[in-house]
Protein chains: 2
Amino acid sequence: MTSVEEPARPNGRIRDAARTRAEILDVATQEFARAGYDGARVDEIAARTRTTKRMIYYYFGGKEQLFTAVLERAYGVIREAEQELDVEHLDPVAAIRRLAELTFDHHEAHPDFIRLVSIENIHGAQHIAASGELGKIGSPALDVIRRILASGRESGLFTADVDAVDLHAMISSFCFFRVANRHTFGALFGRDLVDPAQREHYRSMLGDMVIAYLTADRAPR
Amino acid sequence: MTSVEEPARPNGRIRDAARTRAEILDVATQEFARAGYDGARVDEIAARTRTTKRMIYYYFGGKEQLFTAVLERAYGVIREAEQELDVEHLDPVAAIRRLAELTFDHHEAHPDFIRLVSIENIHGAQHIAASGELGKIGSPALDVIRRILASGRESGLFTADVDAVDLHAMISSFCFFRVANRHTFGALFGRDLVDPAQREHYRSMLGDMVIAYLTADRAPR
DNA sequence: TAGCTAACGTACTAGTTCGTACATTAGTGA
DNA sequence: TCACTAATGTACGAACTAGTACGTTAGCTA
């Protein structure tokens, strides 16, 4: 998540607006993800930075806007990753499976992002709503899904007339739940969904599920 | 959620430990679900009760224990509902579909519970861990799933050797995500997953997915 | 190199928030 | 009916927390 390197410069007051801003965002991301919006402490964020609380207000205006900025950057990272998607050279079945796996991997690799999204949902997505930037940029993954689905339908591999947004929701559900609800699920069922030993199992389970859904003859009722 | 009725008694100080306790729990459930653990205000909970803040500390000890009590009751409600499950007279395919639908319905009917679970996950399930009661009671639904899966395998209807906990996770993922991430998903993709007009669509989509997964020949790779 | 401003630091405050000390009373059992 | 205790109410305090007033300086530019 674009973390900030140590400067090779000597100590003393150094001025670097970009670095200061980025460092605040890094630490704020961790702190908000750790404790939730209200649980996060502006003083704590400042303390874990090489700068002071004053700078948080200087650059971001307040706690609320800081959280919005954190969200904006986190969603930006996802969007970048989705733009790297390169699965359309595969046949539709393999492409969808690969897409599901990459979604799976990305969720696993970014638990902080998952937590931020959970937190934002607790607050009714009010920060997304307040952010012009996050409004309606859509997701590159969605376009990829749309194209794969179309080609799968054409070639007759996919039986169902499935909507791209719905399929995206289905894939995300599984990936998100596994990371977001890891703790309660583990406490209640004694099973760690993010156990590395089970990783491959759940990864293929997701792919199997999605492919089965798309290729089923939709008869048994 | 066991809400408290108005008493037919006249005004003036009335003593009813059970009622006071239950009323605090009711209001606390709403307040925690509304604002998260740290966002919730003890004073606000007290204000919306016919009693005072003093009683919260008298009965529960503190904010932390109050939240734990709220969780305990919320999970209790779910467990009761799961004990009502009556699907095993159906054939395995219909039984699983029905179970999925009931899970779907229950999630939709209890958004506050979903929010509480999200909140508890943000805090690493520490309250569940601290609660003796919530430790390892397991879920009645899990036993039902186990039996249906066994009977489905025997009769040859289900191809896959699927684990009950895994299937439970799969079903819960979809139901949970739909409610919990409603706000961010809606803001980003312009689609309300909990739109009543789409309810039947998503409900059957879940059933189709689960049945497809369980009856697939698991060949296409 | 002088001066200007973006970038930064210190110290403080106003308001909030969890929690409690202390006083009171309803209802029960002897 | 009296006394005792569980249940309740009031008023307050200590600690925290977001935010700010005010002063300082690095580094660029003319």
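Below, chain A is the first sequence line, B the second, and so on; all start at residue 1.
Within 3.5 Å, a donor on the side chain of Arg54(B) pairs with an acceptor on the base of dG9(D), or the reverse. Judged by atom type and distance alone, Arg15(A) reaches the base of dA6(C) through a side-chain donor-acceptor pair under 3.5 Å. A donor and an acceptor atom sit less than 3.5 Å apart, one in the side chain of Lys53(B) and one in the base of dG19(C).
Rounded to a whole Å, the CD1 atom of Ile24(B) is 15 Å from the P atom of dC18(C). Atom CZ of Phe32(A) is separated from atom C1' of dA18(D) by 11 Å (rounded to the nearest Å). We find that OH of Tyr58(B) is positioned 18 Å from P of dC22(C), with the value rounded to whole Å. To the nearest angstrom, P of dT17(D) lies 10 Å from CD of Glu44(A). One atom, CD1 of Ile56(A), and another, C1' of dA18(D), lie 11 Å apart when rounded to the nearest Å. As a whole-Å value, the separation of Arg19(B) CZ from dG27(C) C1' is 15 Å. In this structure, the NZ atom of Lys63(B) is 16 Å from the P atom of dT16(C), given to the nearest Å. Atom CD in Glu23(A) sits roughly 16 Å away from atom P in dA7(C) (whole-Å rounding).
A salt bridge links Asp208(A) with Arg97(A); the closest basic N to acidic carboxylate O contact falls under 4.0 Å. Between Asp26(B) and Arg73(B) a salt bridge is recorded (basic side-chain N to carboxylate O distance below 4.0 Å).
Contact annotation for Ala40(B): backbone-only contact, meaning every heavy-atom pair under 4.0 Å involves sugar-phosphate atoms and none involves a base. The residue Thr52(B) sits close to a base: some heavy atom pair falls under 4.0 Å. Tyr59(A) comes within 4.0 angstrom of sugar-phosphate atoms only, judged by non-hydrogen atoms across all strands, and of no base.
In this model, a donor atom of one side chain and an acceptor atom of the other lie less than 3.5 Å apart for Ser131(B) and Glu72(B). No side-chain N or O of Arg191(B) forms a donor-acceptor pair with one of Gln198(B) less than 3.5 Å apart.
Nearest to the side chain of Ala17(A), among dA7(D), dA7(C), dC18(C), sits dA7(C).
Checking the phosphate oxygens (OP1, OP2) of dT8(D), a side-chain nitrogen or oxygen of Thr20(B) falls inside 4.0 Å. Look at Tyr57(B) and you won't find any side-chain N or O under 4.0 angstrom from OP1 or OP2 of dT20(C). Between Thr51(A) and dA7(C) there is no side-chain N or O to OP1 or OP2 distance below 4.0 Å.
Ring geometry for Phe32(B) against Tyr37(B) counts as parallel: the plane angle stays under 30°, on a 0 to 90° scale with 60° as the upper cut.
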